[in-house]
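As the structure is a prediction and not an experimental result, all values here were calculated from the model.
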Amino acid sequence: RFAYADRDPLEIGRGPGDEKNHDSIPISSMDPKKKNQLSILDRPLNPKGRGDVSLSAFAFLFSELIQYSHRKVTSIKDLERRLADLGYTVGQRLFEYLKWREKATVRETRLERQLLYISSTIWKALFGREATLSRSKENEKYMIFDDEPLVIRYVSTPKDMRQLNCATFVSGIIEAILDASEFSARVTTHFLEAAGQRFPRTVFLIDLNKDVLERDAKLS
């Protein structure tokens, strides 16, 4: 057993009287001229104050997520379902965070406004741009189109898994936000071949519950 196993890692290496030197100092309460004197542990993670994430770091993390999920399933459907479940947990936390940041106190009750919120605000928060929202008049289903989802930009699938669509991770995010806002739906991911495009478009098909459509029709 290591000698330091029962001690706080931050206390290892401290000498007598060093406790005060290692206390964390609130960044906002300091003189800007003294911020450069902080230790690397007390400095903000992103000095520019931006919320961007390195694309290469995200691509690496997402590829590891796919490989981890692949080891625990036996079929493509199970893999897509597992990715959607992981996306669902992300969607729950993202929706709660954005509402807290917006200081929203009123829940959206109109379906199309909520879907526009997802295709604009949510998409910008995740990918830095908006998606396209469309509605099918035949079966009253809504669709969100994304020509090149960021999550699959650097994903290459083997020939025996061409049917795999890793963008189901995003469908889980959409479904979680709809459930949290009381617009229960089932969201699936599909590829759509488009003329003049090298890669197919990705479509997130939103199949809303019947009671949600009936409620929205009464409000219109």
Side-chain angles (χ1 to χ4, degrees), residues 1-2 5 9 45-46 51-100 114-115 117-119 121-129 131 133 141-194 197-209 212:
R1 184 175 181 178
F2 291 104
L45 293 176
N46 196 337
D52 297 346
V53 177
S54 168
L55 183 57
S56 58
F58 171 79
F60 173 77
L61 181 62
F62 191 66
S63 66
E64 290 296 316
L65 181 66
I66 296 174
Q67 294 180 52
Y68 172 78
S69 302
H70 189 209
R71 290 195 294 267
K72 296 180 176 292
V73 298
T74 56
S75 67
I76 293 178
K77 288 186 177 181
D78 290 340
L79 177 56
E80 291 181 341
R81 187 181 301 110
R82 185 171 180 83
L83 290 174
D85 291 341
L86 292 171
Y88 194 95
T89 61
V90 173
Q92 290 177 316
R93 289 161 176 77
L94 175 65
F95 185 62
E96 181 179 3
Y97 166 72
L98 290 178
K99 288 302 179 181
W100 172 82
Q114 183 64 19
L115 292 174
Y117 175 80
I118 293 175
S119 62
T121 304
I122 296 296
W123 234 257
K124 281 185 178 180
L126 288 172
F127 310 120
R129 55 184 172 80
L133 177 65
K141 292 184 179 180
Y142 289 84
M143 295 164 284
I144 295 178
F145 293 89
D146 195 334
D147 292 338
E148 188 181 7
L150 183 64
V151 293
I152 61 174
R153 180 179 297 178
Y154 300 107
V155 174
S156 58
T157 55
K159 293 182 179 180
D160 58 336
M161 299 181 67
R162 288 183 177 178
Q163 297 179 350
L164 173 65
N165 192 337
C166 296
T168 51
F169 179 81
V170 182
S171 69
I173 295 177
I174 299 172
E175 189 168 325
I177 294 173
L178 288 172
D179 286 348
S181 52
E182 298 187 11
F183 294 102
S184 300
R186 181 173 180 268
V187 183
T188 54
T189 310
H190 308 273
F191 284 130
L192 180 63
E193 298 291 341
Q197 291 189 0
R198 181 180 178 185
F199 300 104
R201 302 181 73 185
T202 300
V203 183
F204 301 97
L205 183 63
I206 302 171
D207 188 7
L208 293 151
N209 290 355
V212 174

Within a strict 4.5 Å, meaning less than it, do heavy atoms of the [X] and [Y] side chains meet?
X      : Y      : value
Val170 : Pro149 : no
Ile177 : Gln114 : yes
Val155 : Phe62  : yes
Leu94  : Ile122 : yes
Thr168 : Ser171 : yes
Tyr117 : Ser181 : no

Quick check for you: to the nearest 0.5 Å, what is the distance between Arg186 atom CZ and Asn209 atom CG?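 Rounded to the nearest 0.5 Å, the CZ-CG separation comes to 11.0 Å.
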
Quick check for you: to the nearest 0.5 Å, what is the distance between Gln163 atom CD and Ser75 atom OG? 11.0 Å

Looking only at non-hydrogen atoms, find the nearest pair between [X] and [Y] and report the distance.
X      : Y      : value
Ala167 : Phe204 : O-CE2, 3.4 Å
Thr89  : Arg93  : O-NH1, 3.1 Å
Ala131 : Phe145 : CB-O, 3.5 Å
Leu208 : Phe183 : CD2-O, 4.0 Å
Ala185 : Ile206 : CB-CG2, 3.9 Å
Gly87  : Ile173 : O-CG1, 3.1 Å

Report the C-alpha separation of Arg81 and Asp78 in whole Å, then their side-chain angles, then the decisive distance to 0.1 Å, and conclude whether the salt bridge (charged side-chain N to carboxylate O under 4.0 Å, His left out) test is met. CA-CA 5 Å; Arg81 187 181 301 110; Asp78 290 340; 2.7 Å; yes

Step by step, would you call Val151 with Phe58 a side-chain contact (heavy atoms from CB on, under 4.5 Å)? CA-CA 8 Å; Val151 293; Phe58 171 79; 3.7 Å; yes

Could you check Asp147 against Arg129 for salt bridge (charged side-chain N to carboxylate O under 4.0 Å, His left out), going step by step and ending with a plain yes or no? CA-CA 12 Å; Asp147 292 338; Arg129 55 184 172 80; over 6 Å; no

Just wondering, more than 12 heavy atoms not from [X] lying within 6.0 Å of its [atom1]?
X      : atom1 : answer
Gln67  : CD    : yes
Lys124 : NZ    : no
Phe191 : CZ    : yes

Quick check on side chain to side chain contact (heavy atoms under 4.5 Å, CB included): which of Leu150, Ile174, Leu133 does Trp123 satisfy it with?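 Testing Trp123 for a side chain to side chain contact (heavy atoms under 4.5 Å, CB included) against Leu150, Ile174, Leu133 leaves exactly one candidate, Ile174.
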
Quick check against the 3.5 Å criterion: does Thr121 have a side-chain atom that pairs as donor or acceptor with the backbone of Ile118? no

Do any N or O atoms from the side chain of Glu80 and from the backbone of Asn165 form a donor-acceptor pair under 3.5 angstrom? yes

